[in-house]
Amino acid sequence: MQERRVDVAIIGAGSAGLSAYSAARAHTDSIVMIEGGPYGTTCARVGCMPGKLLIAAAETAHSVRDASAFGIHVDGRIEINGRDVMARVRQERDRFVDNVIESVEDIDAEQRIRGHAIFEGPNTLLVDDHTRIHAERIVIATGSSPDQPDFLKAAGHRLVTSDDIFYWEDLPESVALFGPGVVGLEVGQALSRLGVRVRMFGVDGAIGPITDPSVLEYADQHFNTEFHLDPEADTRNVALVNDRVEVTFVERGSEHEVTEQFDYLLATTGRPPNIEGLEIDQAHLAMNEGVPVFDRYTMQCQHQDGTPAPVFIAGDASAELPLLHEASDEGRIAGDNAGRYPDIRASHRRSMLLVVFTEPQIATVGKTWSEVEKHHHDSYATGEASFEDQGRARVMRQNHGLMRVYGEQGSGLFLGAEIFGPRVEHLAHLLAWCHQQRMTVTQMLDMPFYHPCIEEGLRSALRDLNTALKQGPMISRHGMESGPGS
Ligand SMILES: Cc1cc2nc3c(=O)[nH]c(=O)nc-3n(C[C@H](O)[C@H](O)[C@H](O)COP(=O)(O)OP(=O)(O)OC[C@H]3O[C@@H](n4cnc5c(N)ncnc54)[C@H](O)[C@@H]3O)c2cc1C
Ligand SMILES: NC(=O)c1ccc[n+]([C@@H]2O[C@H](COP(=O)([O-])OP(=O)(O)OC[C@H]3O[C@@H](n4cnc5c(N)ncnc54)[C@H](O)[C@@H]3O)[C@@H](O)[C@H]2O)c1
């Protein structure tokens with residue numbers, strides 16, 4: 001057994017771990033980063049990047065199918081070659097992974113250890129059975145893994161998760177997808193647009209990150225024009241029959257029990273943090289729902305008696321906001337503090353921004369509707385705009401969606417937004433920047449809006465909100481002063 005003594009040990013070489021490494025290195029060379037799986041990060045290998053590559057293929061197929069509505073007729077049958085689609089996804093994904101691996105290999109070999117780390121004591125880690133590390137400070141950046149609920153395990157070897165599908169060589173004929181969350185919606189819609197028969201089963205009525213009941217209802221109806229989605233499914237049985245997955249469920253809106261067969265059961269029912277396999281008890285940390293208690297401005301964990309511990313947490317492992325930019329930020333904060341310990345610094349956190357790359361896209365910015373309801377209760381107002389008659393959205397034949405924006409009564413501060421609409425990733429950035437700048441709705445309306453752009457839909461929603469906040473005049477619904485369709 002090799003024994004090592006270091007100032008800082010980082011568990012996990014994903015996006016959070018790599019960011020922690022760079023920040024800690026500014027303070028010390030006595031550092032190790034431990035990786036138990038393949039290098040390359042979840043984001044590049046089986047997350048953000050292959051997900052968006054699959055979506056890009058699906059959007060192309062969708063545009064070709066829709067072309068005749070613009071008078072552009074593509075002769076003959078549209079053929080989607082699953083092998084070619086998946087070959088491009090894997091090839092481009094491998095490029096992204098190689099870039100990450102190159103940057104990992106730039107790190108001094110002495111500072112990298114391969115193997116699965118567990119806590120042996122508050123300051124001691126055991127890596128497989130080959131290395132014991134005595135670390136003054138530890139950063140937990142172990143990420144998360146796909147959940148596999150027990151009742152889905154009846155699908156046997158036909159049960160797959162998002163960790164598997166980006167290695168597929170071909171597209172299947174059909175998929176039963178459980179969990180219409182962020183991963184489920186992105187992957188499920190993409191597969192459906194690529195010609196795979198998809199049926200999505202949810203629980204409790206949830207669809208992606210949407211909490212606003214009006215947006216939720218709109219999204220539910222809209223997605224159901226494209227594929228089967230039951231966000232509150234009554235699933236009676238899952239079985240493996242003749243090497244196919246058989247799902248028995250009650251058809252939505254009826255008492256009718258149906259049994260359907262699929263090639264695969266895709267479980268996208270969430271991603272619990274990778275804490276369980278760490279023997280975290282040995283670290284004697286205060287825990288809350290299976291995750292160490294931590295301060296989100298310093299990413300520092302606590303001892304069981306509430307005193308600060310020389311342990312930090314970052315990325316999906318913290319189970320706070322499992323998003324790439326948050327993993328990088330948390331890694332930087334955790335690594336910096338682990339490096340400078342005990343001189344801990346609190347760091348600024350950005351406004352919440354989440355984009356789901358479906359079509360229409362879903363975005364939540366700042367506070368969600370349910371957070372506004374909870375924290376501002378009867379001291380907030382809502383503005384709304386539909387994309388159905390919005391000029392640019394109609395031009396592109398993407399005029400579906402609803403935007404709801406929230407503001408604080410009295411101060412007129414912009415609080416947040418939930419949006420289901422065309423290409424709203426850009427608009428969501430604008431809103432997040434306004435939110436972080438603590439702008440009022442009036443100040444936001446003083447900003448330029450170009451014509452004809454999707455952002456004009458935002459202006460309508462903000463005007464509606466300003467009226468509801470009693471900070472602006474009633475808006476004229478069909479006024480032409482800002483150009484047609486704005
Ligand atoms: C399909 C999909 C699509 C996504 N799309 C987006 C998107 O579009 N935008 C976005 O912002 N986010 C997206 N995400 C989320 C984003 O990928 C994650 O938030 C981010 O990658 C988390 O980074 P991390 O460093 O916390 O975890 P990881 O990158 O998973 O790193 C954790 C590392 O720790 C290692 N590890 C775990 N336990 C141990 C141990 N005991 N010892 C040693 N090593 C260990 C693991 O092997 C892993 O390499 C997506 C996720 C998925 C699954
Ligand atoms: N575009 C992006 O930024 C992006 C893309 C993918 C993932 N991510 C991140 O990854 C995280 C994890 O994504 P996820 O989709 O795995 O989790 P999620 O929490 O977003 O969704 C899980 C869904 O599964 C449902 N569910 C739970 N148990 C179920 C069951 N037994 N049957 C049917 N449905 C069930 C839940 O109601 C929920 O809708 C997200 O929270 C997100 O932060 C981000």
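Whatever order the structure lists them in is the order used to number ligands and atoms, beginning at 1. The structure displayed is predicted, hence computed values, not measured ones. Along the sequence shown, residues carry numbers from 1.
- At a threshold of 4.0 Å, the pair Arg236-Glu257 counts as salt-bridged, since one of the basic side-chain nitrogens sits closer than that to a carboxylate oxygen.
- Residue contact check for ligand 1: Cys43 places a non-hydrogen atom closer than 4.0 Å to it.
- Salt bridge status for Glu326 with Arg350: absent, with no side-chain N to carboxylate O gap under 4.0 Å.
- By heavy-atom distance, the residue among Gly205, Gly179, Gly270, Gly181 lying nearest atom 17 (O) of ligand 2 is Gly270.
- Using a 4.0 Å cut-off between charged nitrogen and carboxylate oxygen, Arg114 and Glu35 do not count as a salt-bridge pair.
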Test log, rule salt bridge (Lys or Arg N to Asp or Glu O under 4.0 Å), inputs Arg88 and Asp84: CA-CA 6 Å; Arg88 177 174 189 267; Asp84 290 350; over 6 Å; no

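- Atom 33 (C) of ligand 2 has its closest protein heavy atom at Phe201 O, 3.3 Å.
- A salt bridge links Arg158 with Asp243: the closest approach of a Lys/Arg side-chain nitrogen to an acidic carboxylate oxygen falls below 4.0 angstrom.
- The pair Glu232-Arg252 does not count as a salt bridge, with every side-chain nitrogen at least 4.0 angstrom from each carboxylate oxygen.
- Using a 4.0 Å heavy-atom cutoff, Val355 is listed among the residues neighbouring ligand 2.
- Looking at ligand 1, you won't find any N or O of Thr41 less than 3.5 Å from one of its N or O atoms.
- Of the heavy atoms in Phe357, only side-chain atoms (C-beta onward) come closer than 4.0 Å to ligand 1.
- In summary, Arg340 and Asp336 engage in a salt bridge, as defined by a charged side-chain N under 4.0 Å from a carboxylate O.
- When non-hydrogen atoms are compared, ligand 1 lies under 4.0 Å from the side chain of Arg271 (C-beta onward) but not from its backbone.
- Proximity to Ile11 (heavy-atom distance under 4.0 Å) selects the following atoms of ligand 1: 40 (C), 42 (N), 43 (C).
- The pair Arg244-Asp263 meets the salt-bridge criterion, with a side-chain N (NZ, NE, NH1 or NH2) lying under 4.0 Å from an Asp/Glu carboxylate O.
- In this structure, of Pro322, Gly202, Pro231, Pro272, the residue bringing a heavy atom nearest to atom 9 (C) of ligand 2 is Pro322.
- Between Arg404 and Glu418 no salt bridge is recorded (no basic side-chain N to carboxylate O distance below 4.0 Å).
- At a 4.0 Å heavy-atom cut-off, ligand 1 does not touch Pro50 at all.
- Using a 4.0 Å cut-off between charged nitrogen and carboxylate oxygen, Arg193 and Glu226 count as a salt-bridge pair.
- Counting heavy atoms under 4.0 Å from ligand 2, residue Val182 touches it through both backbone and side chain.
- Heavy-atom contacts of His116 reach the following atoms of ligand 1: 40 (C), 41 (N), 42 (N) (cutoff under 4.0 Å).
- Under 4.0 Å from ligand 1, the heavy atoms of Ala327 that appear belong solely to its side chain.
- Contact atoms of ligand 1 toward Gly315: 26 (O) (distance under 4.0 Å to a heavy atom of the residue).
- In Phe151, the part holding a heavy atom less than 4.0 Å from any atom of ligand 2 is the side chain.
- With distances taken over non-hydrogen atoms, the option nearest atom 32 (N) of ligand 2 out of Leu323, Asp147, Leu177, Val203 is Val203.
- Salt bridge absent: Lys374 and Glu371 never bring a charged side-chain N and a carboxylate O closer than 4.0 Å.
- With ligand atoms numbered from 1 in the order given, ligand 1 contributes 47 (O) to contacts under 4.0 Å with heavy atoms of Gly37.
- For ligand 1, the atoms closer than 4.0 angstrom to any heavy atom of Ala141 are 32 (C), 33 (C), 34 (O).
- Salt bridge annotation for Arg95-Asp98: absent, with no cationic side-chain nitrogen under 4.0 angstrom from a carboxylate oxygen.
- Between Glu186 and Lys52 a salt bridge is recorded (basic side-chain N to carboxylate O distance below 4.0 Å).
- Under a 4.0 Å criterion applied to the non-hydrogen atoms of Leu278, ligand 1 contributes the atoms 41 (N).
- Among all protein heavy atoms, the one lying closest to atom 27 (C) of ligand 2 is Thr269 O, 3.6 Å.
- Of all the heavy atoms of Leu324, the ones lying under 4.0 Å from any atom of ligand 1 are found in both the backbone and the side chain.
- When each atom of ligand 1 is checked for a heavy atom of Thr42 under 4.0 Å away, the hits are 21 (O), 28 (P), 29 (O), 30 (O).
- Contact annotation: for Val355 versus ligand 1, there are no heavy atoms closer than 4.0 Å.
- When each atom of ligand 1 is checked for a heavy atom of Gly115 under 4.0 Å away, the hits are 42 (N), 43 (C).
- Ligand 2 has a nitrogen or oxygen under 3.5 angstrom from a nitrogen or oxygen of Val183.
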